[in-house]
Amino acid sequence: MEDAVFKKFIADNWPIYTHIFGGNESSPWLRARPKLVGDVGTLPYLYIAGQGKYSMIPDGFYLKFHNQGEYCDSIIIECCQTVQNFQQKRGKYAPSMIATLAHIPAQWMKQSAGSGVSRFNLMGLDVSQIEDFPCPVRASNILYVLPDGLYDELRESCVPHHFEYFMSDANFRSPSRNDVKEFLRRLDLWSRFFA
């Protein structure tokens with residue numbers, strides 16, 4: 001699936017806000033990319049502290065805020081067509097001790113999340129926040145979506161890091177299937193580490 005087709009598929013078929021990734025908190029996961037029809041201005045992106053000009057813009061991106069926006073968790077979805085593309089994207093998210101931040105545009109948070117309710121209200125955040133703000137990322141999990149042949153090849157030869165998940169293109173196109181839903185629930189920290 002080409003990047004543009006992949007992003008359109010997420011926009012048309014994946015939820016805007018959801019509990020599909022699991023977790024036992026009332027706050028849902030909020031889709032930050034690709035943008036919704038009607039979104040104007042900058043969308044959220046990731047960057048390393050002190051390097052605001054060198055941002056990481058995933059193909060798909062979900063956020064979950066905690067403690068009134070004190071920090072957030074993120075789920076990154078990347079479409080990889082070739083081994084080289086996979087290696088390049090994987091290198092971008094390699095483990096490090098460097099602090100990662102999510103840039104959260106206030107204008108984006110004030111807009112509706114497709115239900116007539118602002119993202120601020122949906123996430124239970126303080127609506128008095130009127131400026132863009134950096135939000136420390138506590139944990140990120142990355143879902144790599146691969147063509148079926150490449151998926152089969154990597155499944156035999158790649159050892160995933162603790163934050164990496166792999167899915168074939170065919171499974172990605174079926175987010176409502178029960179086995180796919182069960183797999184996606186593992187992307188949330190609560191679902192993976194806590195019973």
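The chain is numbered in sequence order, starting from 1.
Remark: side-chain polar atoms of Glu78 are not paired, donor with acceptor, to backbone N or O of Gly60 under 3.5 angstrom. Listed for the Glu164 side chain is a donor-acceptor partner under 3.5 Å among the backbone atoms of His161. Side-chain atoms of Arg185 never come within 3.5 Å of backbone atoms of Val180 as a donor-acceptor pair (strictly under, hydrogens ignored). In this structure, the side chain of Ser118 engages the main chain of Asn121 through a donor-acceptor pair within 3.5 Å. Lys89 places a side-chain N or O within donor-acceptor distance of the main-chain N or O of Cys79, the cut-off being under 3.5 Å.
There is no side-chain donor-acceptor pair under 3.5 Å between Trp29 and Asp73.
Taking the six-membered ring for Trp, Tyr151 and Phe166 have ring centres at least 6.0 Å apart. Here Phe120 and Trp108 keep their ring centres 6.0 angstrom or further from each other.
Using the six-membered ring where Trp is involved, His103 and Tyr45 have ring planes that are parallel, under 30° apart on the 30 and 60° scheme.
Note on Ile75 and Tyr71: separate hydrophobic clusters, where clusters join Ile, Leu, Val, Met, Phe, Trp and Tyr whose side-chain heavy atoms are under 4.5 Å apart, directly or indirectly. Both Met167 and Tyr165 are assigned to one and the same hydrophobic cluster, defined by single-linkage of ILVMFWY side chains at heavy-atom distances under 4.5 Å. Hydrophobic clustering, with ILVMFWY side chains joined whenever heavy atoms are under 4.5 angstrom apart, groups Phe133 together with Phe61.
Open room surrounds NZ on Lys8; 12 or fewer heavy atoms of other groups in view lie less than 6.0 Å from it. Around the CZ atom of Arg155, the shell of radius 6.0 Å holds no more than 12 heavy atoms that belong to other residues, nucleotides or ligands.
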